Structure formats: C-alpha cells, structure tokens
Amino acid sequence: MAGSSLVLPMVLWGHQAPSHCISCLLLLPPGPSVLSGCQDGQLCLWDLIQPRALLFGHSSSITCLAKASASQDLQYVVSASESGEMCLWDVDDGRCIEFTKLACTHTGIQFYPIPGGSQGRLLCHGHYPEILVLDAASLEVLYSLVSKIAPDWISAMTILPSQRTQGDTVVAVSVTGILKVWIMGSEEGRMQDAGEEESKPIHCQQCRSISLCPSAPHSLLVVCSQYWRVLDAGDYSVLCSVSSGKQVWSGGEFLDPDTVIVWNEDGNCFIYKLPASCLPASASFRIDVGKAMENLIPPTLIHVLLICPPVTGFFSGLLESHPNLLIQGNSSGRLSLWSIPLVASLSLQEAFDSLSPHPAGIIDQLSCIPAFPDPLRVTSSVYIPIHGSLVCGREDGSIVIVPATQTAMVQLLQGEHALRRGWPPHRTLRAHRHRITCLLYPHQVSQRFHPSFLLSGIFPVFPLSHPSIPSIPIPLFPLFPLFSPIIPPSPSQYSHFS
Amino acid sequence: MPPCHRCLRCGGALMPAPAPVLCCPQPYSSSQSPSSGIVAALTELASTGAGRRCSGVVAAPCTGRGRVRAQEEEFKWLLQEEVHVVLKQLQDILKEASQRFALPASGLGGAVKQENFVLSTSGTDQVKGVLTLQGDALCQADISLKMPRNNQLLHFAFREDKQWKLQQIQDARNHVNQAIYLLMNRDVNYQFKTGSEVLKLMDAVMLQLSRARNRLTTPATLTLPEIASSGLTKMFTPALPPDVLVNFYINLNKLCLTVYQLHVLQPSTTKNVKLAGGSILHNPGAIFEFGNQRYEVSHVHKVECVVPWLNDALVFFTVSLQLCQQLKDKISVFSSYWNYRPY
C-alpha cells in the first residue's frame, strides 16, 4: 500500500499455507535455525522446527543459499535465484540488507573468510564460465577466476584449506568434466582476473557435488549423476569409483576419513565404507591408482537409509532406550535396525492449521460455497493504488474487486464484521469460464494506458470504471499463458505480453 | 454447465480450449523457412512418434459417475502412456538440436568441423569479414576495413595463437543439455503419479529451453568502454588502430561483426555531454570515456552472416517449447475440470 511517501508492504494470509516446494537448505548454527528456499522464490526461516518468517525478495526459484559472515554474532545469509538476483539477509530480523541483479544465474555460492579479518568473499559459479569473487558485504563483483583452457560452466566447487604456505585452493569441475584448480593467494593488489593453476580432464559428466573430508583433507569425493568417485586431493587420481546403476546420485559428503554418505534423487541415502586403498594411513594406499575402473577395490555398502523396496517397519515408543526404531528386512535375509533420533518434521500447512485465529485470507469470506469445505481459490490478483482497490481473479473465472483497506482490516482486526457474508462491499465481474491466469493493470506500468483499463485472463479487456459497458474481448496468441507485460520503452502504441 | 465430454485420445477437446489439446506438432510455419535438413529431421520424428493416431475410442457416457470414471481412466492413460510418448519426442528433438552445436562432449578436443562464414553487406564494401567458426569458438578472423576519409584499405586478422569464444553458443548448448538431462531422468520406467509432477518437469524444461533461445536471440548489451577494454582488441595482428573497435556476437541465427570508428574529442568541447550506456549496437555520435580520453563514434559498420545450424537449433527450440506447452495444456484440462464447481 502506498501513501504519499510511505510504502507499506502487506501480505494477506489465507487458510492455505503458501506453496513451498523446497529447492535448497541451509542450517544456521547456533540457533539452530534452518533456512529453506523454494521454487516460488520465497525463503522460509524455521526455528527448529516452527516456521518463523517468510522472506520475500526473489521473483523466481531459489538456486542456492550460503552463509555470508565469518562471525557467529552476525547471522548474514546470501541467496540467489534463477533470474540472477542476489539478496543479502540479516537472519535475526529478516531484513534484506543488500540486493543486486546480475545477468547470469548462480547455481552455487560458497563463503570464503579472508584470513585474519572480519571480511569475507563469496565465490559464485553458475551459468557462466568463470568463478566470480564477490564482496560478501556489498555483493559487488571484485574479480573472477577464469579458465584459460577449455572454459565452460562450473558445475561444482569446493575450497581446500592451504596445505603449506601457499594460499587456499579452489577446486572446481566444469560441465564437460574438467577439474580446475585456482590458488586464492593474498588479495593485496590482486583485483584482476586470475587464470587457473591446473586443468585436468577427469571425465566427470554431470558433476553434482565435490567435497573434502574436513578432518583429513587428503581425498576428494566427487559425486556425478551416474557414479561417485574418491580422488586423491594431491594429484587427482581416482582411488575408487561406484556407479549408480539405475538411480541418480544427487550429492554426498564425507562422514569420516573412511566413510562417505551419498544420496540420490529419490531421497535415499547410502553410507559406504571406503577400501584401504583410499586411506592415506593404510599401507595399501594408492595401490589401485592407474588400474581400469572395473578393477578397483569397491567400497563396502554398510548402511542404506530409508530405502523403499524392502519391507520396513517402524516401532515407536516400545523401547525406552530407542523410542523410534526402524527395522528393515530385505530380500537377501538381512535385518537392519536403526534408532532414529527424533528430529521433528513439520509442514508449513500444519503450522498454518495450528494458528488461532485462522488467517482471514484475501476474500475468503466472499468465496465460501455451501457444501464445499474450501473457499473458491484466488488464482491471480493485482493491487491498484490509485483506485485503492484489490482485484482478485478466481478459479471459476469470476473477478472480484474489493477495497484494499477493508480487506487489510479483516486481516489485522478480528471481529464479527469479518464473518458477515457479503462483506466487504465488492463488485463481481463475470465473463470468463476458466480460471483467471493473470490480471494486469496497464496504467501502473505506463502512463500511456488509460487508467480505467484492466486486463484479465487471456482474452477480454474490462473497462474498470464503467461496468455498464460490456467487456471487449481481444484475441491474443493463445499458445502460452499470459503472465506479465513487457512494455517497450519508446512511445509506441503496442505492448508485448509474455 | 460443463460442456459434454469427448475422447481426448482422438483429438476431441474436453473444453473449448484455445487449441486442440492433443495433436502432433504443427509443421513449423514462420517467416523464415527452415532449412532442408530440419524438415527431414522433423518429418522423421513425425513418422516415428508424433504422427501416431488413437485407434481405440473410449465411449464416454455423458452422465454422472460413468463420466467421472471415464475421465479418471483417461487421466491415468495420459500419465502412464501419453506423457512418455511426448517426453521421448522432446528428447529426440533436443538431441537433434544438441548435435547441431557439434561440440566435443567430453572436452577432449575431438575433431570439430571448422566452418567459414563471409560477413558483408550488399550495399557497400566498407567492411568485410571472413570468420572461421569451430564449435563455439572463432578460431580465425580476417577483417578488411575501407577508411571512409582516404579510401585506405586496412586489413587485420587474429593472431595464430588466439581464439575468441562465443559465450552465447556455449550457454545455449549447456542449457539444451540440461533440458535433455531433465528429460532423461524420467525415462519410460518412471511412473508419474500426479499431474503437477508433469507440470513441474515441463516448467523446468521450458525454463532451460527459453534460456537457450534467449541466449541466442539477445546478445549482451555492452558499453563502449567495455568493448574497448575487452580482450578482443588485443587479438589482432597487425594490432587494431586505436580509433577502431570491433565486437562479435550472435543475434538470432546470425553471426554479427560490428566495427566502430572513433575520433578523439577535444577536452574543450566535451562539457556537458551525455556518456553512452550499454547497448547491443551503438549509433554514430555516441560518446564514451576510456583511458582519460573522450571518444565519439564517427562510423558504425555492421555485417552479418546466417549460420544454418543456429537456425535449425532455434526451430528445434520453438517446436520443443510448443510440445511442452501442449503437454501442460493436456494435463491442466483435467485439473481444471476436477476443480470446477458451479457457483
């Protein structure tokens, strides 16, 4: 809502929790709280395990989240979206401190603290052939790590702490399967692009993650969709390799120097014990280097977590020592038992259902249909500040115009008036037979358009101020649904819709 | 009143939909006629998958519970059979598109064909460029420029050791490969359980495809100082004269070369001038600052040449986007019908 100088953003909540298809996660100690990013572009902050706040700042799917401060006191987090937007958030109060938009999409961000300082850098990779180094406080691009040999998009990256006197190394794998190494030397006087130190094809197509064992940084775990491999962090030779069979790996980490956990796209996790040839402490370390892939000693699968096909039973509250016990028997006669520590799970919808009183919704009280539990859904809406009205398109094709302030009142002030049928005063326009996919108010985008025009759905135009005039259907290209207008900058009589 | 139900398998529309919801992809019709290779590829695809017609017609009673059951059956068929047919078609088309980019898949430097393109305009012969494209890199370039003042002919070429990568091509190829990867993860054995699952997949594929298309259709907007400081100016032998700037990019299906001729502005005349911002093509008269010196663009020459396989790829992108949207339409016919309530 906009007054003469004050703009007050306002969200109208309904009974239904907003959709939150989670696309990435970040755990924030010491709270602990969890930040989740979703495909609609919102972030949700969970205080284990109650949702605390929804953060609005992105217009498209969140691609990655990363910590953005070195100290524990400052809870800064950076988020990036499909459309190249980046936001820096203060997680304590949910404020967006910094916003920037680049032309390229980031698919991964890692925080890199500058040794001996409170400042930090963000290393970003994505749909571009470099690694961009950004200032973590201003989100300004400082310089980039470029490839001289076969540059291509970077699909995964990790930072290895410095072994000797030289600086920390950045190890990345490009989409064509070439491993690249950069040295993050001292930054003094180095604000220009740096070429890679090493470039070696490791034939890892569709690399999903690359990670290092924190306690023994001698081996690297590279997870690709079809297989995962352990590499020697010194010369990047393959120590062991496991192919995925039919499933698709999506990530993995070291648990110990000799155990790794790998998970796949179906949500199953696997824990493997690595063979001796992968362990630097062992006498047989590297005995397999140079052998053909199929001759390497395979790691032993020691645990499969939460796999579906075998028979699984869950027994809760029966044993005092293990309140939640998962027992699984598979076709080979093996019985496995897990004690699941109770880490709660809660969906946004459950959190919404537990609220009292319930959120009022936008126009829920106008949309109740006898004999149906849920009100008619609002499928699109637009706020028109100069009329002070909120226009809602519904799934049955009707459009409801209500005064925005009164709708906001229902949201903020509980009272009898909110329950009265037919309140607030409204006007309903009926011309469509299908759900309204979008509502556009062209005057808001450009002064060229007459303030009385409202564009709805795909076909007709309604003149807003004159309900007596019939709607004017204008056929637009029917192939793709309409979402937003793009108005050419020069004064022209056409506008484009996409 | 909901309209009467008709069989979706044989092309009948359940609702007065804007387009028939189930049909093979329309032959591509556009102002640019597709090259002959692509016609052959699309015809082949049509004969294997898309031209298939429904043989069995489900007789759907128009009333009550029978109608609901018939629809449930049909929705099940859509999820189990039809979706996979479309996904296969999409995969075939996109693999065809990906092959057009003709890049080595493993980065091992397999032999990629070199193609020569002659860039010129029909009217004047002020600028002529002969460019050699190898995958996504320009490995040779010969530019001749006739100076307008004294008709002196300048000639410069890439240094032997230099290549210029066209990032637009690499990005488009990577986006297509990501779309193919998304489709391959849902092979014939995968069972779709809900319509929204299919919609999500289609949205993800369409996002990659529109990104791929947009990378080719919208070149980067650069400021003149960015062009002046880019590595491209240092790639030529003999070196470019200080008053000449060049830029290469892809615009739609064309490989473009722009040459800017500059003159230095005297410090006294440069009060209150507006510096030029970012643009794909700068006009004569644009003023910029570079190296403590102000320059004005005096002449702009743009020459271009159609790259046939880029044209093919763009056609494939459009056809695939249409297929995705049609599948989304088919799915949403059901969801909108099931949510439908008389008010």
Side-chain angles (χ1 to χ4, degrees), chain A residues 19 21 39 60-61 82-83 103-105 107 127-130 146-147 149-153 155 174-178 193 199 201-203 205-206 225 246-248 250 265 367 369 371-372 374 376-377 379 394-398 428 430 433-435 437 458-459 475-481 498, chain B residues 1-3 15-19 26 103-109 136-137 163 165 167 170-175 177-178 181 184-187 189-190 196 200 203-204 206-208 210-212 215 218 220-221 231 278 318 321-322 324-326 328-329 332-333 335-337 339-343:
Chain A
S19 65
C21 183
Q39 294 187 350
S60 58
S61 180
E82 280 280 2
S83 50
C104 42
T105 309
T107 52
H127 294 169
Y128 44 88
E130 302 98 25
V146 296
S147 305
I149 303 157
D152 210 330
W153 294 2
S155 45
S174 76
V175 288
T176 43
I178 297 174
D193 297 354
S199 176
I202 54 166
H203 314 297
Q205 306 273 317
Q206 297 288 353
S225 53
K246 277 189 177 170
Q247 61 211 343
V248 178
S250 60
E265 287 203 332
S367 308
I369 305 162
F372 282 100
D374 294 329
L376 209 54
R377 275 196 295 175
T379 50
R394 298 191 289 188
E395 62 180 330
D396 67 347
S398 58
T428 311
R430 292 184 207 278
R433 300 179 61 191
H434 306 297
R435 79 168 66 188
T437 55
I458 299 176
F459 302 109
L476 289 173
F477 43 89
L479 184 61
F480 299 109
S498 66
Chain B
M1 265 296 289
M15 295 205 146
Q26 297 294 318
L103 295 173
S106 60
L108 274 180
D136 59 4
Q163 285 205 344
K165 189 157 70 100
Q167 193 56 42
Q170 188 179 55
D171 288 349
R173 176 207 55 167
N174 283 345
H175 281 301
N177 285 348
Q178 292 209 336
Y181 174 72
M184 289 201 332
N185 273 353
R186 300 278 176 265
D187 66 350
N189 300 319
Y190 184 82
S196 46
K200 271 255 152 69
D203 284 340
M206 285 171 86
L207 179 72
Q208 293 300 336
S210 40
R211 284 272 159 82
R215 278 307 276 144
T218 44
T221 52
T318 309
L321 278 166
Q322 282 180 351
C324 291
Q325 185 58 43
Q326 280 171 6
K328 279 182 71 176
D329 288 346
S332 32
V333 161
S335 66
S336 64
Y337 190 82
N339 289 339
Y340 186 86
R341 290 191 214 104
Y343 40 84

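A quick note: this is a predicted structure, and the numbers were derived from the prediction, not measured. In what follows, every heavy atom counts, from backbone to side chain, and hydrogens, waters and symmetry copies are set aside. So you know, we letter chains A, B, ... as the sequences are listed, proteins then strands, and number each from 1.
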Got [X] and [Y] here, is their nearest side-chain heavy-atom distance under 4.5 Å?
| X | Y | answer |
| --- | --- | --- |
| B:R215 | A:H127 | no |
| A:Q205 | B:Y181 | no |
| B:R211 | A:T105 | yes |

Rounded at 0.5 Å granularity, tell me how far [atom1] in [X] sits from [atom2] in [Y].
| X | Y | atom1 | atom2 | result |
| --- | --- | --- | --- | --- |
| A:Y128 | B:Q170 | OH | CD | 13.5 Å |
| B:M184 | A:S225 | CE | OG | 8.0 Å |
| A:Q206 | B:Q178 | CD | CD | 7.0 Å |
| B:R173 | A:D152 | CZ | CG | 4.5 Å |

Bottom line for A:E82: the part with an atom under 4.5 Å from chain B's heavy atoms is both
Applying a strict 4.5 Å limit to non-hydrogen atoms, the region of B:N174 in contact with chain A is both
